[in-house]
Number of protein chains: 2
Amino acid sequence: MQSTAAEDYVKAIYHHTEWQPEPVTPSQLAARLGLANSTVTEMVKKLAAAGLVHHRPYGAIELTREGAALAVRQVRRHRVVETWLVERHGYDWDEVHDEAEILEHALSDRLLDSIAASLGDPVRDPHGDPIPARDGTVTRPDAVLLADAQLGHEGAVVRIADDDPAMLRFLAESGVALDAALAVLGQKPYSGSMQVRTATGTVDLGPDVAQSIWLTA
Amino acid sequence: MQSTAAEDYVKAIYHHTEWQPEPVTPSQLAARLGLANSTVTEMVKKLAAAGLVHHRPYGAIELTREGAALAVRQVRRHRVVETWLVERHGYDWDEVHDEAEILEHALSDRLLDSIAASLGDPVRDPHGDPIPARDGTVTRPDAVLLADAQLGHEGAVVRIADDDPAMLRFLAESGVALDAALAVLGQKPYSGSMQVRTATGTVDLGPDVAQSIWLTA
DNA sequence: GATGAGATTTCGGCATACCGAAATCATTGC
DNA sequence: GCAATGATTTCGGTATGCCGAAATCTCATC
Ligand SMILES: [Mn+2]
Ligand SMILES: [Mn+2]
Ligand SMILES: [Mn+2]
Ligand SMILES: [Mn+2]
């Protein structure tokens with residue numbers, strides 16, 4: 001069991017617990033992978049048989065040690081490719097995901113490591129996500145979710161969730177980029193939206209966006 | 001019909017007529033692709049239904065205009081990738097084939113063209129095979145097969161068939177590389193092997209090898 | 001402790017791409 | 001002309017990964 005499908009499943013499972021640790025359900029996986037629930041149930045059964053996940057029927061889905069290792073390897077590949085596309089081929093940060101999603105399955109370890117080395121073995125991708133090292137080590141920066149930040153909090157952007165290309169384009173235009181300095185000016189109580197100061201002005205960010213940006217503590 | 005399987009089939013069909021024009025049979029395709037004859041028959045039927053090949057039962061297999069265009073595109077991708085691996089990632093010319101065979105299906109046109117541009121839009125791959133241009137134009141150099149060369153013929157190596165990695169390694173060690181100057185010293189009548197002078201000495205090359213090397217006229 | 005809503009799983013089915021064995025065809029030698 | 005040979009095709013079958021509909025389970029609520 002080492003198919004591209006298996007690689008994508010363990011990556012999706014890993015993704016779910018990367019920034020906030022909660023167990024994944026089949027329907028969440030199905031939504032993320034764009035598949036029917038029944039498909040996920042069946043595949044999870046196969047992954048369990050292959051020793052990549054723990055799963056009792058109706059229970060949570062969790063990676064085994066082996067599954068986590070495969071996921072980390074795959075996350076490394078994905079993020080190295082994204083970084084390479086931006087750094088060397090002029091892609092914008094909202095354009096890299098789909099290409100990386102395919103390429104991550106097609107590169108040998110040798111080639112991937114050569115690409116990573118040519119980039120100076122980067123430790124984070126264009127969205128601020130940590131790139132696992134060759135040996136599987138992951139160093140996650142301390143970060144505060146913008147939605148949870150205190151009023152008056154000032155910090156640099158450490159990470160932006162890369163799920164929504166349109167949001168990434170909007171943020172780039174609004175002066176919110178990796179390492180940009182932000183300050184939390186205010187929260188509108190019942191709207192859930194936040195007023196934020198950037199280098200160039202102030203923006204109102206809705207709750208979805210506030211759930212997608214992490215700042216230094 | 002645009003699967004990686006279809007891409008490999010049209011490429012294999014194209015390959016057969018690239019350096020000497022003879023029609024392909026299902027068994028030859030099966031041998032080259034490492035598949036059963038029956039598999040090839042079935043797939044050729046599907047390719048014909050998709051308009052990529054002409055084929056009457058028991059007849060020859062030929063690419064349609066559309067099939068040839070797909071094949072040329074695929075050949076370009078394969079050879080650009082091979083060149084990139086050698087030029088930028090330290091692969092030897094006998095190591096690139098398998099990696100390119102997979103990668104050729106996973107790169108977008110945008111990325112492939114960016115890679116080609118970063119290499120200066122090369123016109124030949126590490127084995128001397130012509131790299132089709134973005135628009136499908138192919139420029140094949142004039143060349144004489146070593147096996148057909150006159151006694152006393154002198155020329156530079158223009159192309160070496162890349163099918164056999166072991167042979168490529170042997171040739172590299174024998175001083176036969178792209179652009180190396182060779183002279184045909186003699187032919188041993190009934191053995192079919194040829195005596196050839198390289199920059200560093202003389203070598204005896206068997207009939208298989210003599211069928212794999214092309215020289216300037 | 002029963003009930004019902006919502007999630008999960010099971011089940012029958014489909015598409016692609018492969019295989020080996022059996023049937024069929026084309027051609028060559030007689 | 002006819003048979004035998006070797007290539008080609010047909011046929012039944014497999015593996016993977018997907019789907020929708022139906023059955024089943026869990027858990028919160030009463
Ligand atoms: Mn993927
Ligand atoms: Mn990313
Ligand atoms: Mn291929
Ligand atoms: Mn080549």
Side-chain angles (χ1 to χ4, degrees), chain A residues 1-17 22-63 66-67 70-71 74 98 101-102 104-106, chain B residues 1-17 22-63 67 70-71 74 98 101-106:
Chain A
M1 175 72 84
Q2 249 281 61
S3 60
T4 77
E7 290 172 347
D8 281 338
Y9 276 85
V10 294
K11 193 155 58 74
I13 297 166
Y14 180 90
H15 176 86
H16 205 266
T17 52
E22 286 158 32
V24 206
T25 66
S27 45
Q28 290 171 318
L29 277 184
R32 179 163 179 87
L33 294 167
L35 299 172
N37 287 4
S38 57
T39 301
V40 171
T41 296
E42 288 176 338
M43 191 65 177
V44 165
K45 209 185 300 178
K46 291 177 198 164
L47 295 174
L52 295 172
V53 304
H54 295 299
H55 180 61
R56 304 180 328 286
Y58 302 99
I61 299 163
E62 276 168 282
L63 294 170
E66 192 189 341
L70 180 59
Q74 204 56 29
D98 292 352
E101 197 57 53
I102 294 174
E104 64 184 0
H105 308 288
Chain B
M1 174 73 80
Q2 247 282 59
S3 61
T4 77
E7 291 172 347
D8 281 337
Y9 276 85
V10 294
K11 193 155 57 73
I13 296 167
Y14 180 89
H15 175 86
H16 206 266
T17 52
E22 287 158 31
V24 206
T25 66
S27 46
Q28 289 170 319
L29 278 183
R32 179 164 178 86
L33 293 167
L35 299 171
N37 287 4
S38 58
T39 301
V40 171
T41 296
E42 287 176 341
M43 191 65 177
V44 165
K45 209 185 302 179
K46 292 177 197 162
L47 294 174
L52 295 173
V53 304
H54 295 299
H55 180 60
R56 305 181 328 287
Y58 302 99
I61 300 163
E62 275 168 284
L63 294 170
L70 180 59
Q74 204 56 31
D98 292 351
E101 197 57 52
I102 294 173
L103 221 45
E104 65 184 358
H105 308 288

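First the proteins, then the strands, lettered A, B, ... as listed; each starts at 1.
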Any A/S27 side-chain N or O less than 4.0 Å from OP1/OP2 of C/dT8: yes
Between D/dT24, C/dC18, D/dG20, which nucleotide has the shortest distance from any of its atoms to the side chain of A/Y58? D/dT24
Closest nucleotide among D/dC18, C/dT8, C/dA17 to the A/A5 side chain: D/dC18
Give the rounded distance in Å between these two atoms: NE2 of A/H55 and C1' of C/dT8. 8 Å
Rounded to the nearest angstrom, tell me the gap between atom CE in B/M43 and atom P in D/dT10. 16 Å
Which nucleotide wins on minimum distance to the side chain of B/K46, given the candidates C/dA17, C/dC11, D/dT24? C/dA17
Spacing between A/R56 atom CZ and D/dT26 atom C1', to the nearest angstrom: 12 Å
Atom-pair distance (CG on A/N37; P on D/dG17), nearest Å: 19 Å
A/E42 has a side chain; which of C/dG12, D/dT9, C/dA17 sits nearest to it? C/dG12
Nucleotide D/dG17, atom P - distance to CG of A/L33 in whole Å: 13 Å
Within the pair A/S3 and D/dG17, is there a side-chain N or O less than 4.0 Å away from OP1 or OP2? yes
Calculate the interatomic distance between B/L35 atom CG and D/dT8 atom C1'; express it in whole Å. 16 Å
When rounded to whole Å, the CD1 to P distance for the pair A/I61 and C/dA7 reads 14 Å
Does D/dT10 have OP1 or OP2 under 4.0 Å away from a side-chain N or O of B/K45? yes
Between the base of D/dG17 and the side chain of A/T39, is there a donor and acceptor pair under 3.5 angstrom? no
Is there a side-chain contact between B/S27 and B/N37 (heavy atoms, below 4.5 Å)? yes
Nearest heavy-atom contact between A/E22 and A/H16 is O-ND1, 3.4 Å
With DNA chain D as reference, determine whether A/A6 or B/T25 sits nearer its 5' end, using the nearest nucleotide of each. B/T25
Counting the atoms with a prime plus P, OP1 and OP2 as sugar-phosphate, which does A/T41 contact under 4.0 Å by heavy atoms, base, sugar-phosphate, or nothing? base
Should B/Y9 be listed as having a side-chain N or O under 4.0 Å from OP1 or OP2 of C/dT16? no
Whole-Å distance, A/M1 CE to D/dT16 P, equals 8 Å
Beyond-backbone contact of B/V40 with B/Y9, side-chain heavy atoms, under 4.5 angstrom: yes
Check whether any side-chain heavy atom of B/E104 lies under 4.5 Å from a side-chain heavy atom of B/D8, and answer yes or no. yes
Is the shortest heavy-atom distance from the side chain of B/E101 to the side chain of B/K11 under 4.5 Å? yes
